[in-house]
Number of protein chains: 2
Amino acid sequence: MMSAEQGAFRALADPTRRQILMHLGASDMTIAEVSDQFDMTRGAVRKHLTILEEGNLISVHPRGRERINRLAPDGIRAAADWLNYFNRFWDEKLGALQTAIENQQANESDQDNEQ
Amino acid sequence: MMSAEQGAFRALADPTRRQILMHLGASDMTIAEVSDQFDMTRGAVRKHLTILEEGNLISVHPRGRERINRLAPDGIRAAADWLNYFNRFWDEKLGALQTAIENQQANESDQDNEQ
DNA sequence: CCGTAATAATACCAAAAGGTATCATTTATA
DNA sequence: TATAAATGATACCTTTTGGTATTATTACGG
């Protein structure tokens with residue numbers, strides 16, 4: 001398995017996938033509709049959609065012979081949570097307050113050695 | 001080259017690199033000090049540090065024969081900016097599509113029904 | 001100076017990523 | 001019921017990634 005955070009960051013690492021998210025922000029789309037936005041095969045786009053789904057950045061909804069791809073909040077939230085946590089921690093560092101280290105330790109069980 | 005956002009997301013995609021950032025949040029470290037925190041060779045850790053530097057998540061400061069690695073705000077900001085932009089735009093979509101979502105959603109979802 | 005600590009630079013490897021091409025399966029529809 | 005549309009499933013290929021091991025180079029200390 002993969003932590004929520006790991007799945008999300010992995011999915012966000014590819015520029016095509018971030019673009020797909022933007023397109024899906026405009027409207028839900030079938031695989032074919034997403035593919036039309038890119039200069040690559042449907043197979044490639046489908047793989048990207050699978051990785052986005054694994055990262056809980058989208059949810060997929062079969063409808064007849066189509067598969068509707070829709071933004072889902074969980075993945076984005078997982079990544080945003082990590083960044084926000086890190087930012088707080090960063091701000092404290094800048095303010096010379098080192099007390100966040102305890103919180104870091106407490107959270108490390110969620111984020112070590114997966115992938 | 002790479003966009004700031006791409007460099008940052010690429011660097012954040014690896015769990016070891018995210019852990020390195022956490023460690024550097026506690027204090028600046030030389031390559032050897034960072035390596036001591038992980039069960040891998042210095043060469044491997046150094047590669048991770050290079051990618052973190054390319055993503056502007058850390059800055060590197062030679063001091064004598066050592067290389068001090070230190071958190072840098074630019075990379076985190078690039079990723080956070082993208083996510084925040086995406087989130088705003090996501091919030092708008094959620095409001096607009098609520099009824100359509102309710103028609104089809106048979107499972108899961110923490111986004112549900114906050115009317 | 002000499003030894004050694006810290007890092008740099010390569011060469012190499014296995015696995016994962018990102019892509020194509022092809023064929024099979026399911027579902028609308030004329 | 002054919003047939004085409006949409007997707008599923010594989011097989012395959014190349015490049016990137018994450019790692020090791022080994023050999024320089026650089027700088028500090030006695």
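Computation of the quantities below employed the complete heavy-atom set of this structure, encompassing side-chain atoms and omitting hydrogens, waters and symmetry-equivalent molecules. In the text below, chain A, chain B and the rest are named by the order of the sequence lines, each starting its count at 1.
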*Asks:* Nearest whole Å is fine: how far is dA16(C) P from R10(A) CZ?
*Replies:* 10 Å
*Asks:* Using residues 78-87 of chain B as the side-chain source, report each donor-acceptor pair under 3.5 Å to any protein atom, sequence neighbours left out, with the distance given to one decimal.
*Replies:*
{"from": "N84(B)", "atom 1": "ND2", "to": "A80(B)", "atom 2": "O", "distance (Å)": "3.2"}

*Asks:* Name the closest nucleotide to the H48(B) side chain, picking from dG18(D), dT20(C), dG18(C).
*Replies:* dG18(D)
*Asks:* Roughly how far, to the nearest 0.5 Å, is CG of L57(B) from CG of L24(B)?
*Replies:* 10.5 Å
*Asks:* Mind checking side-chain contact (heavy atoms from CB on, under 4.5 Å) for R46(B) and listing every partner two or more places apart, or none if nothing turns up?
*Replies:*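 Residues passing side-chain contact (heavy atoms from CB on, under 4.5 Å) with R46(B): I31(B), T50(B), R67(B).
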*Asks:* Do nucleotides 2-8 of chain D as a string where each nucleotide becomes B, S or -: B if the base has a protein heavy atom under 4.0 Å, S if just the sugar-phosphate does, - if no protein is that close.
*Replies:* ---BSBS
*Asks:* Measure the distance from CD on Q6(A) to C1' on dA17(C) and round it to the nearest whole Å.
*Replies:*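 Between C1' of dA17(C) and CD of Q6(A): 14 Å.
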*Asks:* Could you list the residues that satisfy salt bridge (charged side-chain N to carboxylate O under 4.0 Å, His left out) with D74(B), not counting sequence neighbours?
*Replies:* R77(B)
*Asks:* Just the rounded figure in Å: distance from P of dG18(D) to CG of L52(B).
*Replies:* 11 Å
*Asks:* Under 4.0 Å between a side-chain N/O of T41(B) and OP1 or OP2 of dT20(D), yes or no?
*Replies:*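 Result: yes.
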*Asks:* Would you mind reading off the distance between D14(A) atom CG and dT15(D) atom P, rounded to a whole angstrom?
*Replies:* 17 Å
*Asks:* Under 4.0 Å between any heavy atoms, over every strand shown, what does R63(B) touch: base, sugar-phosphate, or nothing? Just pick one.
*Replies:* nothing
*Asks:* Separation of M40(A) atom CE from dG18(C) atom C1', in whole Å?
*Replies:*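 About 8 Å, once rounded to whole Å.
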*Asks:* Can you sort out the partners of Q6(B) under side-chain contact (heavy atoms from CB on, under 4.5 Å), two or more places apart, ordered by chain and number?
*Replies:* P15(A), R18(A), M2(B), S3(B), R10(B)
*Asks:* Given atom NZ of K47(B) and atom C1' of dT7(C), what is their separation to the nearest angstrom?
*Replies:* 15 Å
*Asks:* Is there any ring pair (Phe, Tyr, Trp, His ring centres under 6.0 Å) pair reaching into residues 27-53 of chain A, and which pairs are they, with sequence neighbours excluded?
*Replies:* H23(A)-F38(A)
*Asks:* Rounded to the nearest angstrom, tell me the gap between atom CG in L49(B) and atom C1' in dG19(D).
*Replies:* 15 Å
*Asks:* For DNA chain C, whose closest nucleotide is more 5', that of G64(A) or that of G43(A)?
*Replies:*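 The residue closer to the strand's 5' end, by nearest nucleotide, is G43(A).
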*Asks:* Apply side-chain contact (heavy atoms from CB on, under 4.5 Å) to the pair T16(A) and M40(A), showing each step before the final yes or no.
*Replies:* CA-CA 10 Å; T16(A) 298; M40(A) 66 179 70; 3.8 Å; yes
